[in-house]
There are 2 protein chains.
Amino acid sequence: MPTRTAAHRRAEASAAYDAYLAECPARQLLDRIADKWVSLAVTALADGPRRYSDLQRTLASISQKMLTQTLRHLERDGLVTRTVTPAVPVRVTYELTPLGRSLLPVMAAIKGWAEAHMDEVRAARDTYDDAED
Amino acid sequence: MPTRTAAHRRAEASAAYDAYLAECPARQLLDRIADKWVSLAVTALADGPRRYSDLQRTLASISQKMLTQTLRHLERDGLVTRTVTPAVPVRVTYELTPLGRSLLPVMAAIKGWAEAHMDEVRAARDTYDDAED
DNA sequence: CCGCATCCTTTCGGATACTG
DNA sequence: CAGTATCCGAAAGGATGCGG
């Protein structure tokens, strides 16, 4: 009989990665996904595949450099797929993978929180700034 | 009778802020909270008030500059309270406000996602990098 | 249309030294 | 202990021009 029970193994598995630790890969991954453009790009793909130019219109004022960079990272990390349709002109569409879909609720939540609590944050800032001594 | 029904007003209210728009304040707020240190700091305060030095130990390798800056922003935005206990030496504790508590599940989710899906992302990266042509 | 390469400015963020 | 202030290198990110 093993000295490590199923509960032990579960606890160990859930602690396999710890973003609090600097050297942990999860810390870097957190840094990647905790990003404004990632949040907007992933949520923009919620309803299905979309074209590059379509995404660029939706994520207002994003530069093509940042959009391409963000999409490349998401593609490399297995969160989106990139599909090129050879036509004239070429047509490129991006779509969430199942892994990307698992991140979608989280990204939608953070974007939603910002939109939902903007007024409260504004009020807090006014109070804070008025209290300058 | 007004031409705008309650449903109209609700729809309008929920669309009052839109992070997709560059000029929208919610875009800036999203940029503030979609941050590695914010995620780690907020989740670290989940179980109650903690001291500055305690947080610094938990958020391994964070510089005092970034920790102070992050906490100041959170305080200004009304997400945490800062309490100074005059003693020798001085004791400063940080605690989530109700507004901060409303953000906690979101921040815990993003941190948790990174830790939970690290292996899948790693596998995707290996595949992507191997396919270099 | 969908990029990549380059330049250049701005910001981020670590290191260090110093205060109540 | 819990900061603030300053310096400085590294990285982010916009602008522009070119290419398949």
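Bear in mind the structure is a predicted one, so any value in this text is a computation, not a measurement. Letters A, B, ... are given to chains in the order of the sequence lines, protein chains preceding strands, and every chain is numbered from 1.
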Query raised in the report: Does the side chain of B/Leu103 reach to within under 4.5 Å of the side chain of B/Leu99, using non-hydrogen atoms?
Result: no

Query raised in the report: Quick one: B/Arg50 CZ to D/dC1 C1', roughly how many Å, whole number?
Result: 16 Å

Query raised in the report: Is the backbone N or O of B/Glu75 less than 3.5 Å from a side-chain atom of B/Arg82, with the two atoms forming a donor-acceptor pair by type?
Result: no

Query raised in the report: Is the side chain of A/Arg57 donor-acceptor paired with the backbone N or O of A/Tyr52 at a distance under 3.5 Å, no angle test?
Result: no

Query raised in the report: Which listed nucleotide (C/dA17, C/dC7, C/dG3) is nearest to the side chain of A/Thr68?
Result: C/dG3

Query raised in the report: Does any non-hydrogen side-chain atom of A/Val84 lie less than 4.5 Å from one of A/Arg91?
Result: no

Report task. May I have the distance from A/Lys65 (atom NZ) to D/dC18 (atom P), rounded to whole angstrom? Result -> 18 Å

Query - A/Arg76 CZ: over 12 foreign heavy atoms closer than 6.0 Å - result: yes

Report summary line: Testing C/dG14, D/dT4, C/dG3 for proximity to the side chain of B/Met66, the answer is C/dG14

Query raised in the report: Less than 4.5 Å apart, any side-chain heavy atom of B/Asp18 and any of A/Glu115?
Result: yes

Report task. Mind calculating the distance between CG (A/Leu55) and C1' (C/dG3) to the nearest angstrom? Result -> 14 Å

**Report entry** A/Ile62 CD1 - D/dG14 P separation (whole Å)
**Finding:** 8 Å

Query raised in the report: Between C/dC2, C/dT6, C/dA15, which nucleotide has the shortest distance from any of its atoms to the side chain of A/Arg51?
Result: C/dC2

Report task. Starting from P on D/dG13, measure out to CD on A/Gln56 and report it in whole angstrom. Result -> 16 Å

**Report entry** A/His73 NE2 to D/dA12 P, straight-line distance once rounded to whole Å
**Finding:** 8 Å

Query raised in the report: With no hydrogens and no angle check, is any side-chain donor or acceptor of A/Thr68 less than 3.5 Å from a backbone partner on A/Lys65?
Result: no

Query raised in the report: Going by number, which of residues 82-97 of chain A have a non-hydrogen atom under 4.0 Å from DNA chain C?
Result: A/Arg82, A/Pro89, A/Val90, A/Val92, A/Tyr94

Query raised in the report: Is there a donor and acceptor pair, one atom on the side chain of B/Gln69 and one on the base of D/dT4, closer than 3.5 Å?
Result: no

Query - N or O in side chain of A/Ser53 less than 4.0 angstrom from C/dC2 OP1/OP2 - result: yes

Query raised in the report: Between atom CG in A/Leu67 and atom C1' in D/dG14, what is the gap in whole Å?
Result: 14 Å

Query - Distance, rounded to the nearest Å, where A/Leu71 contributes CG and D/dG13 contributes C1' - result: 16 Å

Query - Nearest heavy atoms of A/Val38 and A/Arg32, plus distance in Å - result: CG2-O, 3.4 Å

Query - Any residue of residues 28-44 of chain B with a heavy atom less than 4.0 Å from an atom of DNA chain C - result: none

**Report entry** Donor-acceptor contact present, side-chain B/Asp35 to main-chain B/Trp37, <3.5 Å
**Finding:** yes

